[in-house]
Amino acid sequence: MIFFLFLFGITTLLHMGYKSKYYTKSVNIAGKQRVLSQKIIFELNNHFLLNDKNALERLKTRVSEYSSNEKELLYLIKTNTSNISIESLKSKPIKNFLKTVHLYIKAPNEKLHSELINNRDEIFDAFNNFVDYCEQSYNKIYLDTLKKLSIVGILNILLIIFYYQIIFKKSLRYLDKYLKIIHIEKNNMKNIFDAIDSIIFEKNGNGTYIFANSAFFKIFSTEIVGKNDADIFPKDVVEILNASDLTVINEQKSTTTEIEINLENERKIFFIKKFPLKDENEEIKICGIAIDITWEKEFQHKKDELNKMIDNHVMVSYTDCNGIITDVSKAFCSICGYDKSELLGKSHNIFRSFKETLIYKDLWDSISSGNLWKGEFKNIKKDGTSFWIDSSIAPYYGFMGEKLGYIMVAKDITDKKTVEKLSITDALTDLYNRRFFDEIFQKKLSFAIREKNKFCLFMCDVDNFKNYNDMYGHQMGDKALIAISKNLKEYFNRAGDFIFRVGGEEFAAILNIEESENIDSFIVKLLKNIEDLNIEHKGNPPFGVLTISCGLVVADFAQISKLFSTDSLYKMVDDELYKAKQDGRNRISSFYVF
């Protein structure tokens, strides 16, 4: 009878397991349908709102995945999950959702997008209800099976009680057999303990060792069973060990301690874990394991020393995946002037000069893709002064391979940049000098030709400046040049603009212009700015103040096939400057090459 009841229970359990597989699969697929519906809405928004051209293809892929999953789910419901109704999958919001998505793929438009977005809560509720419905169907069959098994279990218990007296004597024979097996397993366990390198031991309540594996003898070259700690270890170590023993015995809780021992002039550090263990008489014993952690401690010490050296002498910062600073070295704080507490939780934007946006875009594109980025930054200290760093930035990962954020290692190159600036800067005006003009001119022109961009070269000089020096003196002439240079530098201040002093009173600029920009009107405003400085110049009639004349050449390499050299473009702009002088000064003469 017990056998048949047991067989019935096993059969019921197997049947439940068989059905559970398909119901679980149905629930998983239904859940996947719900996730796919959210991804479809997400890709729909990407395509319609963000104009993401690839989103439509991803949308089609999500819809295809949805259709495949729906077919698989329908097959499961028909063949193996009779408790789930097929009609529950075909609710009106779900059917309308799929129909509208297919219409949007064929002809994307605002109406279909609005319909899907406005009804998405109803759509998601329909999918949630269907997932809940599948889970409830699964739970119902699961509870029915448990009821059957409970009844079988109760009947078995009653039958076991009935037969207990009959099988009792037979049980005693089995008990004897099991005791022998336990004895064998005890010996096997001892062999296993002896094979472990760490020390495993057991003490009685008085602190006397009643067991220790062979690792103890290998390390200390002595037997310990029957002895206590005072027979083996120095007094200071015995005090630590006795204190942990008392905690285990009196409070019946586990302890962890570290001890240091000199063995034949070699320092050893052990980590000891002890915990209470009751014997058959309910007496508390002490069981424990001692692990040699000498190497780990030495390694940690070396690591701490290395980290200390890095912290004090190397500029290092850690950020999370969003660029928020999570740690920074003392060396970095020393350079930038901020305390560590002022930087944690902040972005590196706290240092930015906000003039090199292209560099930051390239940086993020590189490190977000998992690559190393190297480059130079001009940063701002806490006191407002600037400093330059040469940095290397890369992602760093946890031991499970998950990306934790980014690490930057940098060095201060402010002195190097200062020397570089002196070599390319005009000492009087603080503008770029003629040598740097020749270098940048060639690079910018080559880039414009290669990329088929517009190229704009500007040149100006101060009208009748020789007369000004003769009338007011060279010292006043220098002040006038400084004032005009400052005005030019403030006016040509957009990203990509370069302004140079290329001669005594002659200036040049390479300008970054927009596609639809009226550059002539832009320069005319500059002429007015210089005139409004009201620097007296009686030798510059009819104006009576310092003015400038300007030449401008704009070449659109998207529309012309002829290639120009720096010499030819320089001659063009010089000719335009000459025309402006000839036409009465304080004006612009421009030439557009198309």
Side-chain angles (χ1 to χ4, degrees), residues 425-434 436-438 440-441 454-494 496-514 517-555 566 569-593:
T425 304
D426 177 66
L428 177 66
T429 63
D430 201 35
L431 300 179
Y432 292 124
N433 59 22
R434 178 57 185 259
F436 193 54
F437 168 74
D438 293 337
I440 292 297
F441 190 6
K454 282 187 177 182
F455 182 82
C456 179
L457 180 62
F458 165 86
M459 186 175 289
C460 70
D461 74 0
V462 183
D463 296 327
N464 290 312
F465 191 67
K466 182 178 183 304
N467 290 344
Y468 186 88
N469 277 335
D470 292 342
M471 294 179 68
Y472 299 97
H474 286 278
Q475 186 174 2
M476 291 299 294
D478 287 347
K479 290 182 178 181
L481 290 176
I482 292 171
I484 292 172
S485 299
K486 182 179 179 183
N487 194 280
L488 290 172
K489 194 170 186 179
E490 291 174 350
Y491 198 72
F492 298 129
N493 64 352
R494 299 173 302 178
D497 288 349
F498 290 86
I499 179 72
F500 311 86
R501 184 188 182 194
V502 294
E505 74 276 14
E506 193 171 51
F507 303 89
I510 298 172
L511 304 178
N512 180 26
I513 61 174
E514 301 294 335
E517 185 175 4
N518 189 332
I519 190 66
D520 283 57
S521 299
F522 182 67
I523 301 302
V524 167
K525 293 179 183 177
L526 171 65
L527 294 171
K528 184 69 168 56
N529 279 2
I530 299 299
E531 189 175 356
D532 287 346
L533 292 175
N534 287 321
I535 301 175
E536 183 185 59
H537 186 6
K538 294 179 180 179
N540 185 35
F543 309 107
V545 294
L546 273 181
T547 59
I548 62 172
S549 296
C550 306
L552 181 74
V553 172
V554 178
T566 55
L569 277 178
Y570 191 86
K571 185 178 185 309
M572 287 182 188
V573 77
D574 194 49
D575 290 343
E576 295 304 315
L577 176 58
Y578 181 76
K579 288 179 184 178
K581 293 282 189 182
Q582 290 296 104
D583 291 342
R585 298 186 177 88
N586 193 22
R587 65 189 63 228
I588 177 176
S589 178
S590 58
F591 182 65
Y592 288 78
V593 186

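Hydrogens, waters and symmetry mates play no part in the numbers below; they use all other heavy atoms, side chains included.
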> What residue among Asn586, Asn464, Asp463 forms side-chain hydrogen bond (donor to acceptor under 3.5 Å, both in side chains) with Lys581?
Replying inline: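 Result: among Asn586, Asn464, Asp463, Asp463 is the only option passing the side-chain hydrogen bond (donor to acceptor under 3.5 Å, both in side chains) with Lys581.
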Which atom names give the shortest non-hydrogen contact between [X] and [Y], and what distance separates them?
X      : Y      : result
Leu533 : Ala483 : CD1-O, 4.3 Å
Val502 : Arg434 : O-NH1, 3.4 Å
Ala509 : Ile499 : CB-CD1, 3.7 Å
Cys460 : Leu577 : CA-CD1, 4.2 Å
Phe441 : Leu569 : CZ-CB, 4.0 Å

>> Walk me through whether Asp520 and Tyr592 qualify under side-chain hydrogen bond (donor to acceptor under 3.5 Å, both in side chains).
In response: CA-CA 11 Å; Asp520 283 57; Tyr592 288 78; 2.3 Å; yes
My understanding is that only residues two or more places apart in sequence, or in another chain, count here; which of them pass side chain to side chain contact (heavy atoms under 4.5 Å, CB included) with [X]?
X      : answer
Met476 : Tyr468, Tyr472, Lys479
Lys486 : Glu490
Asn469 : Phe465, His474
Ala580 : Ser549, Arg587, Ser589

Looking at [atom1] of [X] and [atom2] of [Y], how far apart are the two atoms once the value is rounded to the nearest 0.5 Å?
X      : Y      : atom1 : atom2 : answer
Ser590 : Met572 : OG    : CE    : 13.5 Å
Leu488 : Asn493 : CG    : CG    : 11.5 Å
Ile482 : Lys489 : CD1   : NZ    : 12.0 Å
Ile530 : Ile484 : CD1   : CD1   : 5.5 Å

> Listed by chain and number, what are the ring-ring contact (aromatic ring centres under 6.0 Å, His included) partners of Phe507, not counting sequence neighbours?
Replying inline: none
Measure the shortest side-chain to side-chain distance between [X] and [Y] over non-hydrogen atoms and say whether it is less than 4.5 angstrom.
X      : Y      : answer
Cys456 : Ile519 : yes
Val462 : His537 : no
Asn540 : Asn467 : no

> In terms of side-chain heavy atoms, does Asp430 have a donor or acceptor partner in Ser485 at a distance below 3.5 Å?
Replying inline: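 The criterion, which ignores hydrogens and geometry beyond distance, is not satisfied for Ser485 and Asp430.
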>> Looking at Arg585 and Thr547, would you say the former's side chain and the latter's main chain have a donor-acceptor pair under 3.5 Å?
In response: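 Judged by distance alone, no pair lies under 3.5 Å.
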Which residues satisfy the salt bridge (charged side-chain N to carboxylate O under 4.0 Å, His left out) test with [X], sequence neighbours excluded?
X      : answer
Asp583 : none
Asp575 : Lys571
Lys466 : Asp470
Glu505 : none

>> For Asn433, give me all partners under side-chain hydrogen bond (donor to acceptor under 3.5 Å, both in side chains), at least two apart in sequence or on another chain.
In response: none
> Does Asp426 have any side-chain hydrogen bond (donor to acceptor under 3.5 Å, both in side chains) partners at least two apart in sequence or in another chain, and if so, which?
Replying inline: Thr429, Arg501
> When Phe458 is tested against each of Phe492, Tyr570, Tyr491 for ring-ring contact (aromatic ring centres under 6.0 Å, His included), which residue passes?
Replying inline: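 So, applying the ring-ring contact (aromatic ring centres under 6.0 Å, His included) to Phe458 and each of Phe492, Tyr570, Tyr491, only Phe492 qualifies.
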Tell me which donor-acceptor pairs under 3.5 Å the side chains of residues 522-529 have, and how far apart each pair is, sequence neighbours excluded?
residue : atom : partner : partner atom : Å
Lys528  : NZ   : Asp532  : OD1          : 3.0
Lys528  : NZ   : Asp532  : OD2          : 2.9

>> Using the rule given for side chain to side chain contact (heavy atoms under 4.5 Å, CB included), can you reason through Glu576 versus Leu552, listing the C-alpha separation, both sets of side-chain angles and the distance that settles it, and then say yes or no?
In response: CA-CA 7 Å; Glu576 295 304 315; Leu552 181 74; over 6 Å; no
>> Classify the ring geometry of Phe500 against Phe437: parallel below 30°, tilted from 30° to 60°, perpendicular beyond 60°.
In response: perpendicular
